[in-house]
Amino acid sequence: MTDATPFPKSSRQSAGPVFGHTACPHDCPSTCALDVELLSTGRIGRVRGASDNSYTAGVICAKVARYAERIHHPDRLLKPLIRSGAKGEGTWKEASFGAALDLIAEKFNEAEARHGPETVWLNYYAGTMGLVQRDGVHRLRHAKGYSNQFDSICINLSWTGYTMGAGALRGPDPREMAKSDCVVIWGTNAVSTQVNVMTHAIRARKERGARIVVIDIYDNPTMKQADIKILLRPGTDGAFACAVMHVLFRDNLADRDYLNEYSDDPAGLESHLQTRTPEWAEAICGVPAAEIEAFARLVGTTAKTYFRLGYGFTRQRNGSANMHAALSLAVVTGSFRHEGGGAFHSNSDIFRLDKSELEGRRHFDPRRRWLDHSRIGRVLTGEAEALNGGPPVTAIMFQNTNPANVAPEQRKVIAGLKRDDLFVVVHEQFMTDTAKLADVVLPATMFLEHDDIYRGGGHQHVVLGPKLVDPPEGPKTNHYVYEELGKRLGVSGCQGFGMSERQHIDRMLEKRGLGDFESFEAEKWADLQPDFRTAHFLDGFGHKDGKYRFKPDWTGTPAVTRPPERVGPLGPHERLPLFPDHVELIETADEAHPFRLATSPSRSFLNSSFAETPGSKAKERRPELMIHPDDAAELGIEDGGRVKLGNLRGEIAMHARHDAGQRRGVVIHEGLWPNSAFAGGEGINALTGADACAPYGGVAFHDSRVWVRAG
Ligand SMILES: Nc1nc2c(c(=O)[nH]1)N[C@H]1C(S)=C(S)[C@@H](COP(=O)(O)OP(=O)(O)OC[C@H]3O[C@@H](n4cnc5c(=O)[nH]c(N)nc54)[C@H](O)[C@@H]3O)O[C@H]1N2
Ligand SMILES: Nc1nc2c(c(=O)[nH]1)N[C@H]1C(S)=C(S)[C@@H](COP(=O)(O)OP(=O)(O)OC[C@H]3O[C@@H](n4cnc5c(=O)[nH]c(N)nc54)[C@H](O)[C@@H]3O)O[C@H]1N2
Ligand code: SF4
Ligand SMILES: [Mo]
């Protein structure tokens, strides 16, 4: 640390503790506006949610409030490391950053000379959500003609389902939840994964007596706060939604005037739903018909019902169809007409910052080979289908992602990373499961140490994240790495190179008419929420004819998710239904695998991050399998005893926790724990599959059949 900490102008005024202003960079829909205490030592103190940001409203999660633990962690990577022993053995020699970059450039060039540029994969994801430090990688990718990446791992199933219906990825102002009379939190464990949803929902309960309904597959921390709990079997949300819509039509609670004006085929939907009775759904989803009826009456008679649709329930092989069914239910009630009503999943469509210079779009060629990053295991083990007509991948650089831990089919991912003919670079903050398998590890800065700008998918703000403290000696920004590799690889004259982080931010803001870096230093953020009519689709949904689609064209292009070119074979879209329905595409249990496993995020980790911080580790204790006590009794599994679980993809061990919070036959593991936290060194994703989901890919992380036994 140096003393020359660049405190921003805006925080110098007060005499007491000094706070700098920024945004949380982690992969979370909340993108909280933060106030960070800057100590005179150059270290940080407290981290608080900005109380003057209307969405953050002064509340953040505990793990980020403890950020001092992460940024000043003794295990942070500080020096570039070059492998000196066998892959994964853990022996390294230190190098200068320049020498490490020289080596990377040399290896990339060698690989390209042998197989062509598509052999190089710059694999990135959303470990930071900063536009400059995350998306700038495309500049290098496009300029060099390296493989394109299809970003399917997280958002694909849900965004596809939502946009197939609504034609756009936006919705009623999430702050309107506070004005609702009923908030339905559907398949998102908001208490753990996006705490601000709870802030606004609970405000509605306190101020208006609103009911909070939670629809999930286990009694998670969010359901524990609900007034009404709907406990589904995994992958059956479509059945539940259909039965609710059946009741709404049957009891004349559907808003027929609204449907006639705003939707494609309400009559067709109504007749399709005739056989989708509550009893039919009960048999599929496990929710008693009487509860389905009661929920239908509640949402059918409460105009201001706000459906907050999460990611979690779409991480099933039928997840896109289930998202579409849940959204269709919100449409049938006519809730979009009302303030405090409608359905919201993500506002990602509203920001429209022009990233063409940042990403060097002039050099983007959609015909270059696309690699699906959900299927990295298959790509790296050379499966022809996953290679999508291109050469093997022989050089790869990872930034902001930890696929050895987070990607499905982990055995393949790790076998691939260990290939002798694959050169692996990992630019990281910590020695992650992926970094352990690298040839070269580069140390990375953290968000408080570099400039960036962030968009909040779960709300409407663009928030500036200026550099607030100096990094320790050693770590460099992602931006620095693209720029320096650009020079060494001969593309530094290409579009977007040679600009600083600030210049990129200025350009994006100026083009959008939002000011510039300096004005954001004073204002901190901009609120881009569209007006009421636009947000509520009252001037029409996003499709050309303005109509909501009950009958989506599943073979069509969902504007936001589908890459311009096919990415190998995508999921079995021909099995998707004409109208909302239950689709039996999930990995149903069978005799050999009688349980359904969901791998839900824990509260104290964020994907694979924070598993290194003492506070989070202490809270999560150890990897556990939540199993119904009756199931456990049948299998002779004691509370706290050891269990093994597995399927055709892998087998892992952990401790059992008896919990009656889910239906029998369902087991839950909250993560993501590092692979090394498990006895065999393989993590939970050894059990999850990478078969492409219908219609456009994505990963069914909560949809695995497994066997479980004591041991
Ligand atoms: N603490 C913490 N916060 C996070 C993350 C984290 O790992 N930890 N991850 C971040 C990221 S990258 C994302 S994308 C978001 C995701 O945040 P969410 O949208 O909340 O998605 P998930 O956490 O995957 O799952 C939410 C819930 O869906 C449940 N679920 C699984 N299958 C079904 C189903 O078939 N039906 C229903 N109704 N429910 C089901 C899960 O058990 C879980 O309780 O969270 C972000 N925030
Ligand atoms: N079983 C199971 N697996 C899952 C999920 C699940 O629910 N269950 N969720 C999935 C989802 S939704 C997602 S989005 C993925 C997320 O998977 P990842 O994107 O891989 O996960 P993160 O932990 O968010 O980020 C990865 C790394 O980015 C690093 N990082 C952060 N900031 C920077 C930076 O500025 N520069 C550099 N170079 N590195 C940085 C962090 O140190 C961290 O190790 O995981 C998926 N995997
Ligand atoms: S709730 Fe999400 S965005 Fe907010 S501080 Fe925590 S991880 Fe960051
Ligand atoms: Mo995600």
Side-chain angles (χ1 to χ4, degrees), residues 23-32 34 47 49 56 59-65 67 70 124-130 133-134 153-155 158 186-190 192-196 214-218 220-223 230-237 240 309-316 318-319 322 326 398-403 405-408 426-430 432 434-435 442-447 449-450 452 456 458 475 477-478 481 586 598-612 662 668-672 683-685 687-688 699 701-703:
C24 176
H26 288 284
D27 191 357
C28 170
S30 281
T31 312
C32 292
L34 304 179
V47 179
T56 304
V59 178
I60 57 167
C61 64
K63 59 192 176 301
V64 170
Y67 217 81
R70 190 165 194 272
Y124 83 117
Y125 203 55
T128 172
M129 296 282 277
Q133 308 290 353
R134 184 191 64 190
I153 201 168
C154 172
I155 43 84
S158 65
W186 195 320
T188 170
N189 183 6
S192 298
T193 63
Q194 42 174 338
V195 63
N196 313 75
V214 170
I215 304 179
D216 211 281
I217 59 166
Y218 76 113
N220 64 23
T222 311
M223 197 179 273
I230 307 274
L231 191 65
L232 300 178
R233 294 195 182 110
T236 63
D237 301 64
F240 174 76
L309 307 174
Y311 288 91
F313 79 104
T314 70
R315 306 200 191 291
Q316 302 279 340
N318 57 8
N322 288 350
F398 296 102
Q399 284 178 313
N400 338 315
T401 185
N402 182 11
N405 182 239
V406 307
V426 179
H427 186 199
E428 248 303 341
Q429 297 161 343
F430 290 99
T432 58
T434 310
L442 300 174
T445 47
M446 287 195 189
F447 75 111
E449 301 161 345
H450 55 233
D452 217 326
T477 65
N478 291 5
V481 169
I586 46 177
T599 61
S600 313
S602 68
R603 187 162 181 179
S604 315
F605 301 154
L606 198 148
N607 303 325
S608 69
S609 305
F610 295 89
E612 67 285 332
Q662 70 269 22
I668 310 280
H669 166 74
E670 293 183 339
L672 284 167
I684 192 68
N685 279 315
L687 306 183
T688 56
V699 186
F701 282 114
H702 305 331
D703 178 12

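Atoms within each ligand, like the ligands themselves, are counted from 1 in listed order.
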Using distance alone, determine whether Tyr125 and ligand 2 share an N or O pair under 3.5 Å. no
Please report which non-hydrogen protein atom sits nearest to atom 19 (O) of ligand 1, along with the residue it belongs to and the distance in Å to one decimal place. Tyr311 N, 2.7 Å
Would you call His450 a ligand 2 contact, heavy-atom distance under 4.0 Å? yes
Which protein heavy atom lies closest to atom 31 (C) of ligand 1, and at what distance to 0.1 Å? His702 CD2, 3.3 Å
Closer than 4.0 Å to some heavy atom of Thr432 - which atoms of ligand 2 meet that? 44 (O)
Please write down residue, atom name and distance for the protein heavy atom closest to atom 2 (Fe) of ligand 3. Cys28 SG, 2.4 Å
Return a yes/no value for Gln133: is any of its N or O atoms, backbone included, closer than 3.5 angstrom to an N or O of ligand 2? no
Look at the rings of Phe610 and Tyr67 and say which category their plane angle falls in: under 30° parallel, 30 to 60° tilted, over 60° perpendicular. perpendicular
So the atoms of ligand 2 within less than 4.0 Å of a heavy atom of Asn685 turn out to be 1 (N), 2 (C), 3 (N)
Test your reading of the structure: does Ser604 have an N or O sitting under 3.5 Å from an N or O of ligand 1? no
re atom 36 (N) of ligand 1, the protein heavy-atom contact at minimum distance is Asp237 OD1, 2.7 Å
Side chain or backbone, does Asn220 bring an N or O within less than 3.5 Å of an N or O on ligand 1? yes
So is there a nitrogen or oxygen of Pro601 less than 3.5 Å from a nitrogen or oxygen in ligand 1? no
Which residue and atom name correspond to the protein heavy atom nearest atom 8 (Fe) of ligand 3, and how close is it? Cys24 SG, 2.4 Å
Which heavy atom of the protein is the closest neighbour of atom 6 (Fe) of ligand 3, given with residue, atom name and distance? Cys61 SG, 2.3 Å
At under 4.0 Å between heavy atoms, is it the side chain or the backbone of Ser609 that contacts ligand 2, or both, or neither? both
Quick one: nearest non-hydrogen protein atom to atom 4 (Fe) of ligand 3, plus distance? Cys32 SG, 2.3 Å
Ser600, any N or O under 3.5 Å of ligand 2 N or O: no
Which residue owns the protein heavy atom closest to atom 21 (O) of ligand 1, what's the atom, and how far is it? Gly312 N, 3.0 Å
Does Phe605, backbone or side chain, put an N or O under 3.5 Å from an N or O of ligand 1? yes
Between Val406 and ligand 2, is there a nitrogen or oxygen pair with a distance under 3.5 Å? yes
Can you check whether Thr688 has an N/O within less than 3.5 Å of an N/O in ligand 2? no
If you scan protein heavy atoms around atom 35 (O) of ligand 1, the nearest is Gly235 N, 2.7 Å
The option among Thr193, Thr222, Leu672, Thr188 carrying the non-hydrogen atom nearest to atom 3 (N) of ligand 1 is Thr193
Return yes if a side-chain donor-acceptor contact under 3.5 Å exists between Asn196 and Ser30, otherwise no. yes
Nearest to atom 34 (C) of ligand 2, what protein heavy atom do you find, and at what distance? Asn400 OD1, 3.5 Å
Atom 39 (N) of ligand 1 [closest protein heavy-atom partner, distance rounded to 0.1 Å]: Phe313 CB, 3.6 Å
Report the part of Thr31 (side chain from C-beta onward, or backbone N, CA, C, O) that has a heavy atom under 4.0 Å from ligand 3; answer both or neither where that applies. backbone
Which of the ligand 2 atoms, numbered from 1, are nearer than 4.0 Å to a heavy atom of Asn402: 20 (O), 26 (C)
Nitrogen or oxygen atoms of Arg233 and ligand 1 under 3.5 Å apart: no
Run the numbers for me: atoms of ligand 1, each under 4.0 Å from some heavy atom of Ser192, listed by number. 1 (N), 2 (C), 3 (N)
Have His669 and Thr599 got a donor and an acceptor in their side chains that come within less than 3.5 Å? no
Between Asn405 and Asn685, a side-chain donor and acceptor under 3.5 Å: no
Supply the atom-to-atom distance Tyr125 OH to Arg134 CZ, rounded to the nearest 0.5 angstrom. 8.0 Å
Ignoring angles and geometry beyond distance, decide whether Gln316 reaches within less than 3.5 Å of ligand 1 through its nitrogen or oxygen atoms. yes
Please identify which atoms of ligand 2 are closer than 4.0 Å to at least one heavy atom of Asn478. 36 (N), 37 (C), 38 (N)
Side chain or backbone, does Thr599 bring an N or O within less than 3.5 Å of an N or O on ligand 2? yes
Just need the protein heavy atom nearest to atom 26 (C) of ligand 1, so name the residue and atom and give the distance. Asn189 N, 3.4 Å
N/O of Ser608 under 3.5 Å from N/O of ligand 2, yes or no? yes
Can you list the atoms of ligand 2 that are under 4.0 Å from a heavy atom of Asp27? 14 (S)
Give the single entry among His427, Met129, Gln429, Glu449 that approaches atom 30 (N) of ligand 2 most closely by any heavy atom. Gln429
Which of the listed options, Val214, Ile153, Asp216, holds the heavy atom that is closest to atom 43 (C) of ligand 1? Asp216
So for Arg70, does at least one of its heavy atoms come nearer than 4.0 angstrom to any atom of ligand 2? yes
Can you see whether Gln429 engages Arg70 through a side-chain donor-acceptor pair at a distance of less than 3.5 angstrom? yes
How far is atom 7 (S) of ligand 3 from its nearest protein heavy atom, and which residue and atom is that? Leu606 CD1, 3.4 Å
Nearest to atom 7 (O) of ligand 1, what protein heavy atom do you find, and at what distance? Asn607 N, 2.7 Å
Side-chain donor-acceptor contact under 3.5 Å, Glu670 with Tyr218: yes
If you count the atoms of ligand 2 from 1 in the order shown, which ones are under 4.0 Å from a heavy atom of Arg315? 12 (S)
What atoms of ligand 2 come within less than 4.0 Å of a heavy atom belonging to Leu606? 23 (O)
